[in-house]
Student: 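My questions will all concern the structure given below.
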Amino acid sequence: MTSPSHSTDGLPHDGLPHDGLSHDGRPHDGPPYDGLILGASLATLDAAAGYGEIADAALAWRDGRIAWLGPRAQLPAAPEALAAQVIQAEGWITPGLIDCHTHLVFAGDRAREFELRLNGASYEEIARAGGGIVSSVRAVRDADEDELLRQSLPRARALIGDGATTLEIKSGYGLDFDNERKMLRVARRLGERLGVRVRTTYLAAHALPPEYQGRADEYIDAACEWLPRLHAEGLVDAVDAFCEGIGFSPAQTTRMFEAARALGLPVKLHADQLSDLGGGALAAAFDGLSADHVEHTSLDSVRAMAAHGTVAVLLPGAFHVLRETRLPPLDAFREHGVAMAVATDCNPGTSPLLSLRQAMQLSCTHFKLTPEQALRGATVHAARALGLADAGALRVGASADFVLWDIRHPAELCYWLGGRLAQRVFCAGRQVA
Ligand code: DI6
Ligand code: FE
């Protein structure tokens, strides 16, 4: 963490308003644990490979953190003596899912544009009809903060109901100071309202707003100038850019990243989605947390990412919706030991995807990840892509973020298309769905 900053409601800005983590020292007169869940199998993912299965397990938490886990038969005392809340369970418990790349704060939708496209309209015709990314910018600018929150809440609830306990949320449809700020404030408020961890990412370098047409460098100057002001309000956890022919150049991206580095903020990048501009290597050069999309990433970039520990975030939702055919360099990532995360990219244009489990499913079908790799990609590796040390795996001391699933084997998480598998979702020891 960088400076001690605060969210819109003056809460600590790690995104966990009710985490109970600051209650250390509070005398506990009652049983040692706040909660205990018994009988399910655990997939801890707490080792380099495998699910980390513990059959007929028990998991206990206190003050928002996992306090004990293991086979139920090894519990140190009778369950009722250990926790006030004892839950008898069946099925499997995994770490809470981590959606490490979303644009879920937006207004309106682009369903009509989707329909026009399938009726044969070209991008130019859609743009002339007021569609495309600028239509989302217009809708965000027209909505006040409460309205933007109201429209974003059901999307966040859908992701949480399907097992997500951490949401990364980007700005990038405001494209001016007040509207980027509004988006980031809404992201913080979503975390506070729903009791999940939210990590915000400043993505002013997403698209060129109409008022800066032909003046991209001036726009980047402005976006770099807004960043410290938003950071001072505790609204920014990381910085991202869309480095692409239709986005911003590597030089412009570099300037944005330098502004981030000056504030000690980590960076991530929309890299090599439609063409290879060396985005993977650029993210790595700034010790980036992640390079995302990466369909066109070169072997040089893969090597640079491996050397700097930059995670490759796979976004199969956009790949699917855009009917892309160029696969990310999956074998090279594996060969060079680049961790692969999986995320929804939830956005109104290219990935209107409201289930991280569905993204995992798509990563198996399109990118041939195994179900175990996909689950690791939406937990352990997603945590790394956000710089989170205490989430993503079930282990003593980690945040008590976990999901009880109505399944017989973890592969089912990637097997079913749709449906409701999450029975209970806990974030920092509190039930959030
Ligand atoms: N890549 C994407 O997939 C989204 N943004 C980006 O840089 C698309 C955003 C949109 O079309 O609204
Ligand atoms: Fe994206």
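All ligand and atom numbering here is 1-based and tracks the order in the structure. Just so it is clear, the model here is predicted, and its values are computed rather than measured. Along the sequence shown, residues carry numbers from 1.
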Student: How wide is the angle at the Fe ion (ligand 2) spanned by His101 NE2 and His103 NE2, rounded to 10 degrees?
Tutor: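 Rounded to 10°, it measures 100°.
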Student: Starting from the Fe ion (ligand 2), look over the N/O/S atoms of His270 and name the nearest one.
Tutor: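 In His270, the heteroatom (N, O or S) nearest the Fe ion (ligand 2) is NE2.
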Student: Identify all N/O pairs between ligand 1 and the protein with a separation under 3.5 Å and present them as a table of atom names and distances.
Tutor:
unit_1	atom_1	unit_2	atom_2	d
ligand 1	1 (N)	Gln273	OE1	3.3
ligand 1	3 (O)	Asp345	OD2	3.2
ligand 1	3 (O)	Thr350	OG1	2.8
ligand 1	5 (N)	His206	NE2	2.8
ligand 1	7 (O)	His206	NE2	3.3
ligand 1	11 (O)	Arg110	NH2	2.9
ligand 1	12 (O)	Arg110	NH1	3.0
ligand 1	12 (O)	Arg110	NH2	3.4
ligand 1	12 (O)	Tyr173	OH	2.7

Student: Measuring to the Fe ion (ligand 2), does Asp292 have an N/O/S atom at a distance below 2.8 Å?
Tutor: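 Coordinating: no.
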Student: Cut-off 3.5 Å, side chains only: do Ser399 and Asp401 have a donor facing an acceptor?
Tutor: yes
Student: May I ask you to decide if the ring planes of Phe248 and Tyr219 are parallel, tilted or perpendicular, using 30° and 60° as cut-offs?
Tutor: parallel
Student: In this structure, are over 12 heavy atoms from other groups packed under 6.0 Å from Glu90 atom CD?
Tutor: no
Student: Just by distance, no angles: are the side chains of Asp292 and His270 close enough, under 3.5 Å, to form a donor-acceptor pair?
Tutor: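 No - no donor-acceptor pair under 3.5 Å links their side chains.
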Student: What atom name does the N, O or S atom of Asp345 nearest to the Fe ion (ligand 2) carry?
Tutor: OD1
Student: Flag this pair as yes if the NZ/CZ of Arg155 is under 6.0 angstrom from the six-membered ring centre of Phe106 and inside a 45 degree cone about the axis; otherwise no.
Tutor: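 Yes, Arg155 and Phe106 form such a contact.
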Student: For the residue pair Tyr51 and His409, does the interplanar ring angle fall in the parallel (under 30°), tilted (30 to 60°) or perpendicular (over 60°) class?
Tutor: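 Perpendicular.
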Student: Rounded to the nearest 0.5 Å, what separates atom CD in Gln358 from atom CG in Leu417?
Tutor: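 Going from CD on Gln358 over to CG on Leu417, the span is 5.0 Å.
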Student: Does NZ or CZ of Arg117 lie under 6.0 Å from the centre of the six-membered ring of Phe114, at an angle within 45° of the ring axis?
Tutor: no
